[in-house]
Structures are given as C-alpha cells and as structure tokens.
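Excluded from the calculations below are hydrogen atoms, water molecules and symmetry mates; all remaining heavy atoms, backbone and side chain alike, are included.
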Amino acid sequence: MVDIKLARLPDRTPVKLAITITPDLQAALNDYAAIYAQAYGREEPVTELIPAMLASFLESDRNFARARDDARKGRP
C-alpha cells in the first residue's frame, strides 16, 4: 500500500437527529439566522446553522476536549 500524507477521510454519512426546544430558544435561533444573513448577505435556514453552531461550541470547549481525549485513551 502506498503511504500518502492525507489520512483516510472519516465517515461523512449524515445522521438525522430530532430534538425538542423551548420557544425562547427557537426565537433566539431565528434571530441568529437573521443576523447571520445581515453579516454575510446570505440567508441560511436555522437547520443548516445548528450543526455548525454545535460543532463550534464543542471545538471551543477545552475541558470537553481534554476529558474526551482521556476517555478515548482509557484514563479515568
């Protein structure tokens, strides 16, 4: 097998997830989508923004990243 720099791409099969949110959160998400459209000149549905928002949140949580790495390495 040839040794190349790029690692094998991860599974990118979409997974559908249904959640229930409060009316206040729905309003905030709609407001965020409106402000996003003003900032970038392009409207995106809330359902398209939420995955990016969640990924950004998880990536920015250093304590979560550390705990996740420890768990994957079998450390308590």
> E44: what forms a side-chain contact (heavy atoms from CB on, under 4.5 Å) with it, not counting sequence neighbours?
Replying inline: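 Residues passing side-chain contact (heavy atoms from CB on, under 4.5 Å) with E44: Y36, R42, E48, L49.
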>> Checking D31 now: which residues fulfil side-chain contact (heavy atoms from CB on, under 4.5 Å) with it, not counting sequence neighbours?
In response: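 Applying side-chain contact (heavy atoms from CB on, under 4.5 Å) to D31 gives none.
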>> Can you pull out every ring-ring contact (aromatic ring centres under 6.0 Å, His included) where at least one residue sits in residues 10-33? Sequence neighbours excluded, please.
In response: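 Sorted pair list comes back empty.
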>> Let me confirm one number: the CG-CZ distance from D70 to R72, rounded to the nearest 0.5 Å.
In response: 11.5 Å
>> Quick check for you: to the nearest 0.5 Å, what is the distance between L29 atom CG and D24 atom CG?
In response: 11.0 Å
Between side-chain atoms of residues 13-20 and protein atoms elsewhere (two or more places apart, or another chain), which donor-acceptor pairs fall under 3.5 Å?
| residue | atom | partner | partner atom | Å |
| --- | --- | --- | --- | --- |
| T13 | OG1 | D11 | OD1 | 2.7 |

> For E43, which residues count as a side-chain hydrogen bond (donor to acceptor under 3.5 Å, both in side chains) partner, sequence neighbours excluded?
Replying inline: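 With neighbours one apart ignored, the set is empty.
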Residues 53-65 side chain polar contacts: donor-acceptor under 3.5 Å, at least two apart:
| residue | atom | partner | partner atom | Å |
| --- | --- | --- | --- | --- |
| S60 | OG | S56 | O | 3.3 |
| S60 | OG | F57 | O | 2.9 |
| D61 | OD1 | N63 | N | 3.2 |
| D61 | OD1 | F64 | N | 2.9 |
| R62 | NH2 | E59 | O | 2.0 |
| N63 | OD1 | R66 | NH2 | 2.7 |

>> Test of understanding: clusters of I, L, V, M, F, W, Y form through side-chain heavy atoms closer than 4.5 Å, transitively. Do V46 and Y40 belong to the same one?
In response: yes
